[in-house]
Amino acid sequence: IERTFSIIKPDAVAKNVIGQIYNRFETAGLKIVASKMLHLSQEQAEGFYAEHKERPFYAPLVEFMTSGPIMVQVLEGENAIARNREIMGATNPEEALAGTIRADLAGSMRENCAHGSDSIASASREIAYFFSDDEIC
Ligand code: ATP
Ligand code: MG
């Protein structure tokens with residue numbers, strides 16, 4: 001059984017669709033085994049997206065991710081990493097398949113509602129970035 005790390009980004013929290021996104025996780029067979037709301041500091045957001053530091057979208061991404069509260073969660077299930085990315089849809093909501101979170105709810109490439117780990121290595125790094133072992137059930 002696999003675990004992945006997920007963020008419901010500030011745009012989705014502001015749109016009041018936390019429950020709707022949680023429902024999609026559960027319908028897809030992903031179990032929420034840890035969850036909390038937080039408002040990222042500049043340092044937390046910069047550290048989380050450090051791999052993108054040289055990209056032109058990095059500074060506006062950090063600004064967006066610190067613009068309001070987010071939900072962070074650990075999802076567990078068979079092929080959780082790939083399954084979560086499948087139900088999120090493509091990074092660009094215009095390219096995301098109908099029925100995915102981003103196609104249905106996201107407004108732009110930057111404000112695209114959700115984050116999901118893209119590998120086993122990033123899942124364990126990202127889970128540890130936000131959760132201690134005793135916060136995961
Ligand atoms: P995430 O890592 O959030 O799950 P992803 O893996 O689909 O999304 P990445 O390439 O890792 O996409 O980029 C991280 C985030 O940076 C994207 O989700 C999006 O919010 C933002 N982003 C990526 N590319 C662009 C871009 N060209 N313009 C604006 N924002 C972008
Ligand atoms: Mg990514």
Side-chain angles (χ1 to χ4, degrees):
I1 213 90
E2 194 171 83
R3 283 178 176 172
T4 191
F5 175 72
S6 159
I7 300 178
I8 298 179
K9 295 184 180 183
D11 57 327
V13 173
K15 277 186 193 161
N16 216 22
V17 292
I18 296 169
Q20 194 193 134
I21 293 175
Y22 273 26
N23 189 27
R24 288 167 186 249
F25 295 152
E26 294 180 337
T27 301
L30 296 171
K31 196 174 164 68
I32 299 157
V33 295
S35 163
K36 60 190 166 192
M37 180 176 273
L38 44 88
H39 194 144
L40 290 181
S41 67
Q42 181 85 8
E43 294 68 32
Q44 279 176 308
E46 286 174 353
F48 183 74
Y49 282 115
E51 64 179 308
H52 295 308
K53 197 156 43 187
E54 308 308 327
R55 304 286 195 85
F57 62 78
Y58 178 71
L61 174 63
V62 168
E63 188 181 357
F64 163 58
M65 290 300 293
T66 56
S67 67
I70 62 172
M71 293 295 301
V72 293
Q73 45 282 326
V74 179
L75 307 177
E76 189 177 84
E78 217 170 294
N79 297 315
I81 295 168
R83 189 164 296 184
N84 181 43
R85 287 183 71 86
E86 203 174 282
I87 66 172
M88 286 196 302
T91 310
N92 183 349
E94 286 176 14
E95 289 164 13
L97 294 180
T100 61
I101 291 167
R102 284 163 168 170
D104 293 350
L105 301 170
S108 72
M109 181 107 168
R110 175 173 306 118
E111 305 201 1
N112 60 1
C113 287
H115 163 83
S117 308
D118 60 11
S119 67
I120 291 175
S122 61
S124 38
R125 180 182 66 81
E126 292 170 1
I127 289 169
Y129 194 84
F130 286 104
F131 292 100
S132 58
D133 282 342
D134 67 356
E135 290 178 304
I136 304 171
C137 292

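Read the numbers this way: they start at 1 and go in the same order the structure lists the ligands and their atoms. A quick note: this is a predicted structure, and the numbers were derived from the prediction, not measured. Throughout, numbering of the chain's residues begins at 1 and tracks the sequence.
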[Y] and [X], any side-chain heavy atoms less than 4.5 Å apart:
{"X": "Ile32", "Y": "Tyr22", "answer": "yes"}
{"X": "Arg125", "Y": "Glu51", "answer": "yes"}
{"X": "Met37", "Y": "Val13", "answer": "yes"}
{"X": "Phe130", "Y": "Leu40", "answer": "yes"}
{"X": "Leu105", "Y": "Gln20", "answer": "yes"}

Kindly state whether the ring of Phe5 and the ring of Phe48 have centres lying under 6.0 angstrom apart. yes
Can you pull every nitrogen or oxygen pair between ligand 1 and the protein closer than 3.5 angstrom?
from     : atom 1 : to     : atom 2 : distance (Å)
ligand 1 : 2 (O)  : His115 : ND1    : 2.9
ligand 1 : 3 (O)  : Lys9   : NZ     : 3.0
ligand 1 : 3 (O)  : His115 : ND1    : 3.1
ligand 1 : 4 (O)  : His115 : ND1    : 3.0
ligand 1 : 4 (O)  : Gly116 : N      : 3.0
ligand 1 : 4 (O)  : Gly116 : O      : 3.4
ligand 1 : 6 (O)  : Arg85  : NH1    : 3.2
ligand 1 : 6 (O)  : Arg85  : NH2    : 3.2
ligand 1 : 7 (O)  : Thr91  : OG1    : 2.3
ligand 1 : 7 (O)  : Arg102 : NH1    : 3.4
ligand 1 : 8 (O)  : Arg102 : NH2    : 3.2
ligand 1 : 11 (O) : His52  : NE2    : 3.1
ligand 1 : 18 (O) : Lys9   : NZ     : 2.9
ligand 1 : 18 (O) : Asn112 : ND2    : 2.9
ligand 1 : 20 (O) : Lys9   : NZ     : 3.1
ligand 1 : 20 (O) : Arg110 : O      : 2.9
ligand 1 : 20 (O) : Asn112 : OD1    : 3.4

